[in-house]
Visitor: 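One structure is given below, represented as structure tokens, and several questions about it will come after.
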Amino acid sequence: MTTTPSATAAVLRTEFQKAVAAYWNTNQQDPVNLRLGEVDDLYHHHYGLGDYDPSVLEGPAATREQRIIEEMHRLETAQADVLLDHLGAITPQDRLLDGGSGRGGTSVMAHQRFGCAVDGVSISEYQVGFANEQARKRGIDESVKFHFRNMLDTGFETASRRAIWTNETTMYVDLFELFGEFSRLLEFGGRYVCITGCSNDVKGLRSKAVSRIDEHYTCNIHPRSAYFKALAANNLTPISVVDLTPATIPYWELRAKSEVATGIEEAFLTAYKEGSFHYLLIAADRV
């Protein structure tokens, strides 16, 4: 994928955005995402939900790691299914938007489930190219397309989307600006679904574990309250809020036992278990 310097400058408008894009562009061979995607050629860029099967830790040592990889992939795919479950009634005529689309796995799943058109946007040129190649290989590239664009200013038509989602990407942007753009893009009654990690205001300032996660991923984790303030300011009314924290802890416990562990697993587990970090799903309607 070749992009002119002027086009890149139009997408990456701040030094922080450039740093985030550089992080994801240079982490092209991260085994956490790639090894899991190789299981069935569906590549995600998020974490997982649900209890893992403890039997994957038993049996022959020679195949133990592959069993763990397959189980982690099952959990991350289950997470995407939970997100899609909350999009509401989607028809093949609808258009959806994946904000911060990563390697495109959730967009592919949305098209497979609903039969509708999906656009994904990312500030990582590498991710966009990877995801478009996956859509091409599956023969769905006329319906599922990925764009090198900033989700704060997508350039898509006003009221053109029935549903929008973000899956672990909101910690890279200003929430008021983001939800303002999503409010513009959604038709009246359209649905926005967010899965995100957020700090717990009740605990006060962010904990050491949350700060460690920020540093590791070059992000800026928002407090829980910021989401609801930004939604309310942009005509997005929550219809469902689900605390997924207990359901994601098993994923991190299993990942910590795998060869693809990166060292950040302890910070996630500490933050979740001490209550300084929450893993939330928020579904909100455009009113």
Side-chain angles (χ1 to χ4, degrees), residues 20 32-33 44-52 72 75-87 98-100 102 106 151 163-179 182 191-234 236-256 261-285:
V20 170
V32 173
N33 297 122
H44 296 295
H45 231 293
H46 57 254
Y47 310 129
L49 288 177
D51 292 329
Y52 67 84
M72 287 173 62
L75 298 181
E76 65 175 0
T77 300
Q79 191 260 31
D81 270 324
V82 167
L83 187 154
L84 296 177
D85 288 344
H86 285 80
L87 288 182
D98 183 351
T106 308
M151 63 179 176
I164 299 172
W165 71 84
T166 52
N167 200 350
E168 300 175 8
T169 60
T170 49
M171 62 286 298
Y172 290 102
V173 296
D174 178 90
L175 294 179
F176 286 84
E177 193 174 355
L178 179 69
F179 295 162
F182 288 174
R191 174 72 51 83
Y192 166 59
V193 177
C194 168
I195 290 184
T196 189
C198 54
S199 60
N200 182 3
D201 307 72
V202 175
K203 295 288 186 177
L205 298 177
R206 70 186 60 200
S207 66
K208 290 183 178 179
V210 172
S211 295
R212 174 72 184 95
I213 297 168
D214 261 351
E215 179 184 4
H216 183 83
Y217 289 109
T218 316
C219 64
N220 182 27
I221 292 168
H222 302 291
R224 180 178 56 183
S225 62
Y227 283 88
F228 299 99
K229 291 175 182 176
L231 288 168
N234 289 286
L236 294 166
T237 300
I239 189 171
S240 180
V241 179
V242 184
D243 182 3
L244 300 174
T245 306
T248 198
I249 288 175
Y251 164 87
W252 288 100
E253 292 176 333
L254 181 61
R255 177 167 151 171
T262 63
I264 197 61
E265 291 78 16
E266 182 180 354
F268 273 92
L269 287 168
T270 297
Y272 284 140
K273 291 179 179 181
E274 72 184 9
S276 66
F277 195 46
H278 289 158
Y279 197 50
L280 289 189
L281 180 148
I282 305 169
D285 288 343

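Just so it is clear, the values below take in all heavy atoms, side chains as well, and ignore hydrogens, waters and symmetry mates.
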Visitor: Between Asn167 and Gln79, is any pair of side-chain heavy atoms under 4.5 Å apart?
Guide: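 Yes, close enough: below the 4.5 Å cut-off.
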Visitor: I need the Ile213 CD1 to Phe277 CZ distance, nearest 0.5 Å.
Guide: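 Atom-to-atom, Ile213:CD1 and Phe277:CZ are 4.5 Å apart.
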Visitor: To check you understand the geometry: which heavy-atom pair defines the closest contact between Val82 and Leu281, and what is its length?
Guide: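 What the structure gives for the nearest pair is CG1-CD1, 3.9 Å.
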Visitor: Taking side chain as C-beta onward, heavy atoms only, is Phe228 less than 4.5 Å from Pro238?
Guide: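 Yes, their side chains come closer than 4.5 Å.
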Visitor: Return the CE to CD1 distance between Met151 and Ile164, rounded to the nearest 0.5 Å.
Guide: 11.0 Å
Visitor: How long is the gap from CG on Leu269 to CD1 on Ile264, to the nearest 0.5 Å?
Guide: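 Here the rounded value is 10.5 Å.
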Visitor: May I ask you to decide if Glu266's main-chain N or O and Thr270's side chain share a donor-acceptor pair within less than 3.5 Å?
Guide: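 Confirmed, Thr270 side chain pairs with Glu266 backbone.
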Visitor: If you define the side chain from C-beta out and look only at heavy atoms, does anything of Asn234 sit under 4.5 Å from Phe182?
Guide: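 When only atoms from C-beta onward are counted, Phe182 and Asn234 do not touch, as no gap falls below 4.5 Å.
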Visitor: Mind checking what makes side-chain hydrogen bond (donor to acceptor under 3.5 Å, both in side chains) contact with His44, not counting sequence neighbours?
Guide: Thr77
Visitor: Can you tell if the side chain of Val242 reaches within under 4.5 Å of the side chain of His86, non-hydrogen atoms only?
Guide: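 Of all side-chain heavy-atom pairs linking His86 with Val242, at least one is under 4.5 Å.
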Visitor: With side chains defined as the heavy atoms from C-beta onward, is the minimum distance between Asp285 and Arg191 less than 4.5 Å?
Guide: yes
Visitor: Measure up the Tyr47 and Phe268 rings against each other and bin them: parallel (under 30°), tilted (30 to 60°), perpendicular (over 60°).
Guide: perpendicular
Visitor: Could you tell me if the side chain of Leu49 sits less than 4.5 Å from the side chain of Tyr251, heavy atoms only?
Guide: no
Visitor: Please report the closest heavy-atom contact between Ser276 and Ser207, naming both atoms and the distance.
Guide: OG-OG, 2.9 Å
Visitor: Under the side-chain hydrogen bond (donor to acceptor under 3.5 Å, both in side chains) rule, collect the residues that match up with Thr196, sequence neighbours excluded.
Guide: Thr170, Tyr227
Visitor: Hey, does His278 have a side-chain heavy atom less than 4.5 Å from the side chain of Cys198?
Guide: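 Touching, per the 4.5 Å side-chain cut-off.
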Visitor: For side chain to side chain contact (heavy atoms under 4.5 Å, CB included), just list the numbers for Phe179 and Val173, CA-CA rounded to whole Å, side-chain angles, deciding distance to a tenth of an Å, and then say yes or no.
Guide: CA-CA 10 Å; Phe179 295 162; Val173 296; over 6 Å; no
Visitor: Can you pull the salt bridge (charged side-chain N to carboxylate O under 4.0 Å, His left out) pairs that have at least one residue in residues 207-233, sequence neighbours excluded?
Guide: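 Checked against salt bridge (charged side-chain N to carboxylate O under 4.0 Å, His left out) - neighbours excluded - the pairs reaching residues 207-233 are Arg206-Asp214.
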Visitor: Walk me through whether Tyr279 and Ile249 qualify under side chain to side chain contact (heavy atoms under 4.5 Å, CB included).
Guide: CA-CA 10 Å; Tyr279 197 50; Ile249 288 175; over 6 Å; no
Visitor: Got a donor-acceptor contact below 3.5 angstrom from the Thr169 side chain to the Gly99 backbone?
Guide: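 Yes; at least one donor-acceptor contact below 3.5 Å.
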Visitor: Output the distance between atom CG (Leu280) and atom OG1 (Thr248), rounded to the nearest 0.5 Å.
Guide: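 The distance works out to 11.5 Å.
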Visitor: Hey, what do you get for OH (Tyr172) to CG (Leu178), rounding to the nearest 0.5 Å?
Guide: 14.0 Å
Visitor: Can you name the nearest heavy-atom pair linking Tyr52 to Pro250, along with the distance?
Guide: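 In terms of heavy atoms, the two residues are closest at CD2-O, 3.4 Å.
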Visitor: Indicate yes or no for a side-chain donor-acceptor contact from Arg255 to the backbone of Glu265 under 3.5 Å, with no hydrogens or angles considered.
Guide: no
Visitor: Specify the closest pair of heavy atoms between Ala209 and Ala271, including all atoms of both residues, with the distance to one decimal.
Guide: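 Scanning both residues, the minimum pair turns out to be CB-CB, 3.8 Å.
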Visitor: Can you give me the closest heavy-atom contact between Asp201 and Pro223, atom names plus distance?
Guide: OD2-CB, 3.3 Å
Visitor: Under 3.5 Å, is there a donor-acceptor pair between the side chain of Asp243 and the main chain of Thr245?
Guide: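 Answer holds: yes.
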Visitor: Check whether any side-chain heavy atom of Ile195 sits under 4.5 Å from a side-chain heavy atom of His46, and report yes or no.
Guide: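 With C-beta onward as the side chain, the pair stays apart.
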Visitor: Look at the side chain of Asn200 and the backbone N and O of Gly275, then say whether any donor-acceptor pair between them is shorter than 3.5 Å.
Guide: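 Judged by distance alone, yes, a pair lies under 3.5 Å.
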